[in-house]
K.L.:
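Dropping a structure here in structure tokens format, bear with me for questions.
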There are 2 protein chains.
Amino acid sequence: MVQGQRENPDGRERLVRTAFVLFADKGFDGVTVRDIAAASSVSVGLINHHFGSKDGLREAVDEFFIAQFEDAITGAAPQELSTTQDPAEVIDAWIERHADDWPTIVAYFRRALLEESDWGFSLFQRFYGFVQSTVMRMDAAGQLAPDVDRLWLPFLMMYLEIGTMVFDPYIKRVLGRSGYDRELWQRRHRAYMTLIRRGTAPRRAPD
Amino acid sequence: MVQGQRENPDGRERLVRTAFVLFADKGFDGVTVRDIAAASSVSVGLINHHFGSKDGLREAVDEFFIAQFEDAITGAAPQELSTTQDPAEVIDAWIERHADDWPTIVAYFRRALLEESDWGFSLFQRFYGFVQSTVMRMDAAGQLAPDVDRLWLPFLMMYLEIGTMVFDPYIKRVLGRSGYDRELWQRRHRAYMTLIRRGTAPRRAPD
DNA sequence: TCAGAGACTGAACAAATGTGCAGTATGCGA
DNA sequence: TCGCATACTGCACATTTGTTCAGTCTCTGA
């Protein structure tokens, strides 16, 4: 880990960070090694020098993404469902903190899922385990009706979470603003909580 | 629209159908014109002859997909929510009917949405209008509690629907079988309906 | 001060891929 | 029967793209 040059240092790290943004934006196949090198202000050869191949770079970027992703969701989602107290400030602070990096993280996440690769699956599984433990906690706390399907509920909740992330670009085009905008996001959170808890029917079902 | 050859006829249609399957399986960039031509048992040149370019072929395949998709969902989803009667047989029949083509349709749909292209957006919008009208019908029928967020509900319902389609490959790897398998699909439908109607909390909320 | 290790460069190479085009075959209308 | 439109073929071409490698530069340790 010794830097062996004066000008143009930290090529390796710049490559990873730049490739992360480019992959998220255009996808792995949509970016050439020349694009990455140029955007990183290094030569093409440096990619293979550090990572062996373009695929090697991808692995490094994947690891970088995992770190970013876990860092972002840690301390964000768990409280939303397990406690009953109003988490408005928690969410506000979270949005504030990740306003810059979140869009890129989400975009990369989308690509990972789309590619249906092994590591996209492991990401899905990680998320699944996360939601499942939330459901088990709800169950233990007596917050689940006995006839709720314990198999499907985690998946349905995942769909709600992931959908919000993955389809935000479309939300933006339909509503004119991102679902992560403060007011919209607060509303979404309430709508989400209400749906999970009480559904949509009036207290006294009409039928 | 005149066939001008004897052997190897209907090249155009075979190209579209073959490309549809290949695009769904490997994505647009993951398939070469030579792959498509070979799988269609035609020459490479025929693609540009009929469609001008690979992109032209994609447009034709997109149209083909839209037709397939609309044909498949028409008469499937609307009844699920608007009526209270048990739609088990309807769904059963639907699964039976589309057992062969549905996986490919879903795979293609998934790519279209996740690629964030213009036409993926128009697909999203179409779906949105579809779900929104369902919600409005529910509302008119008095099936929505007054404090339900009318803005977010259609999106959340979309996420539930789309998630099932888009993440089916992962479901397959987590549960060992497709979410569209009969028994699993029936259960999913019940779980979905229950969640939308009543949520997950017991009748008497514990808090 | 010298040698080596490692970061870095950039031209050259080979493979892959979309497209163009000249040529062939066949059915239809005149 | 002739001519034209059109489906179709397949080779050739230009471009793109990932990879290789010989060579340069700079820091570190002996």
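Chain A is the first sequence line, chain B the second, and so forth, proteins listed ahead of strands; every chain is numbered from 1.
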K.L.:
Applying salt bridge (charged side-chain N to carboxylate O under 4.0 Å, His left out), name anything that partners B/Arg198, two or more places apart in sequence or on another chain.
P.N.:
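Residues passing salt bridge (charged side-chain N to carboxylate O under 4.0 Å, His left out) with B/Arg198: A/Asp147.
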K.L.:
Starting at CZ of B/Arg58 and ending at C1' of C/dG18, how long is that distance when rounded to a whole Å?
P.N.:
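The distance from CZ of B/Arg58 to C1' of C/dG18 comes to 14 Å, rounded to the nearest Å.
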K.L.:
Measure all distances between protein nitrogen or oxygen atoms and nitrogen or oxygen atoms of nucleotides 19-24 of chain D, and list the pairs falling under 3.5 Å.
P.N.:
residue : atom : partner : partner atom : Å
D/dT19  : OP2  : A/Lys54 : N            : 2.8

K.L.:
Ring pair (Phe, Tyr, Trp, His ring centres under 6.0 Å): which pairs involve residues 30-57 of chain A, sequence neighbours left out?
P.N.:
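Counting only pairs at least two positions apart or across chains, no ring pair (Phe, Tyr, Trp, His ring centres under 6.0 Å) contact touches residues 30-57 of chain A.
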K.L.:
Check the orientation of A/Phe130 and A/Phe127. Use parallel for under 30°, tilted for 30 to 60°, and perpendicular for over 60°.
P.N.:
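It falls in the tilted class, 30° to 60°.
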K.L.:
Using atom CD1 of A/Ile36 as one end and atom C1' of D/dT17 as the other, report the distance to the nearest whole Å.
P.N.:
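It is 11 Å, rounded to the nearest whole Å.
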K.L.:
What pairs of residues pass the salt bridge (Lys or Arg N to Asp or Glu O under 4.0 Å) test when at least one of them lies in residues 98-111 of chain B, not counting sequence neighbours?
P.N.:
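Pairs touching residues 98-111 of chain B that pass the test: A/Glu116-B/Arg110.
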K.L.:
Would you tabulate the side-chain donor-acceptor contacts of residues 163-180 of chain B under 3.5 Å, counting partners in other chains and residues two or more places apart, or write 'none'?
P.N.:
residue  : atom : partner  : partner atom : Å
B/Thr164 : OG1  : B/Leu160 : O            : 2.9
B/Thr164 : OG1  : B/Arg188 : NH1          : 2.7
B/Asp168 : OD1  : B/Ser178 : OG           : 3.4
B/Asp168 : OD1  : B/Gly179 : N            : 2.9
B/Asp168 : OD2  : B/Ser178 : OG           : 3.0
B/Tyr170 : OH   : A/Leu113 : O            : 2.8
B/Arg173 : NH2  : A/Asp118 : OD1          : 3.1
B/Arg177 : NH1  : B/Glu183 : OE1          : 3.1
B/Arg177 : NH2  : B/Glu183 : OE1          : 3.4
B/Ser178 : OG   : B/Tyr180 : N            : 2.9

K.L.:
Take the C1' atoms of the five end pairs on each side of the helix from C/dT1-D/dA30 to C/dA30-D/dT1, get both axes, and report the angle to 10 degrees.
P.N.:
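That helix gives 10° between its end axes.
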K.L.:
For B/Asp10 and D/dT6, what is the distance between atoms CG and P respectively, to the nearest whole Å?
P.N.:
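Rounding to the nearest Å, CG of B/Asp10 and P of D/dT6 are 17 Å apart.
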K.L.:
Could you list the donor-acceptor pairs under 3.5 angstrom formed between side-chain atoms of residues 56-63 of chain B and any protein atom two or more places apart in sequence or on another chain?
P.N.:
residue : atom : partner  : partner atom : Å
B/Arg58 : NH2  : B/Glu115 : OE1          : 3.3
B/Asp62 : OD1  : B/Tyr108 : OH           : 2.6
B/Asp62 : OD2  : B/Trp119 : NE1          : 3.4

K.L.:
Could you state the CG-P distance from A/Leu57 to D/dT17, rounded to the nearest angstrom?
P.N.:
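Checked: the CG to P distance equals 16 Å.
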K.L.:
If you take any heavy atom closer than 4.0 Å to DNA chain C, which residues from residues 15-26 of chain B end up in contact?
P.N.:
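Hits under 4.0 Å, by residue number: none.
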K.L.:
Round to the nearest Å and state the distance from A/Asp29 atom CG to C/dG18 atom P.
P.N.:
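The distance from CG of A/Asp29 to P of C/dG18 comes to 12 Å, rounded to the nearest Å.
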K.L.:
So which pairs with a foot in residues 33-43 of chain B pass salt bridge (Lys or Arg N to Asp or Glu O under 4.0 Å), sequence neighbours left out?
P.N.:
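Matches after skipping sequence neighbours: none remain.
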K.L.:
With sequence neighbours left out, what residues match A/Thr18 under side chain to side chain donor-acceptor pair (under 3.5 Å)?
P.N.:
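Listed in chain order: A/Ser40.
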K.L.:
Using side-chain contact (heavy atoms from CB on, under 4.5 Å) as the criterion, list what pairs up with A/Asp139, not counting sequence neighbours.
P.N.:
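Partners of A/Asp139 under the side-chain contact (heavy atoms from CB on, under 4.5 Å) test: A/Leu144, A/Arg150.
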K.L.:
Which residues pass the side chain to side chain donor-acceptor pair (under 3.5 Å) test with A/Gln125, sequence neighbours left out?
P.N.:
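Applying side chain to side chain donor-acceptor pair (under 3.5 Å) to A/Gln125 gives none.
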K.L.:
If only side-chain N and O atoms of B/His49 are considered, is one of them under 4.0 Å from the OP1 or OP2 phosphate oxygen of D/dC8?
P.N.:
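For B/His49, the contact criterion (side-chain N or O under 4.0 Å from OP1 or OP2 of D/dC8) is not met.
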K.L.:
Expressed in angstrom and rounded to an integer, what is the separation of B/Leu46 atom CG from C/dT26 atom C1'?
P.N.:
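Whole-Å distance recorded here is 15 Å.
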K.L.:
Any idea how B/Phe20 and B/Phe64 line up, ring-wise: parallel (<30°), tilted (30 to 60°), or perpendicular (>60°)?
P.N.:
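Perpendicular.
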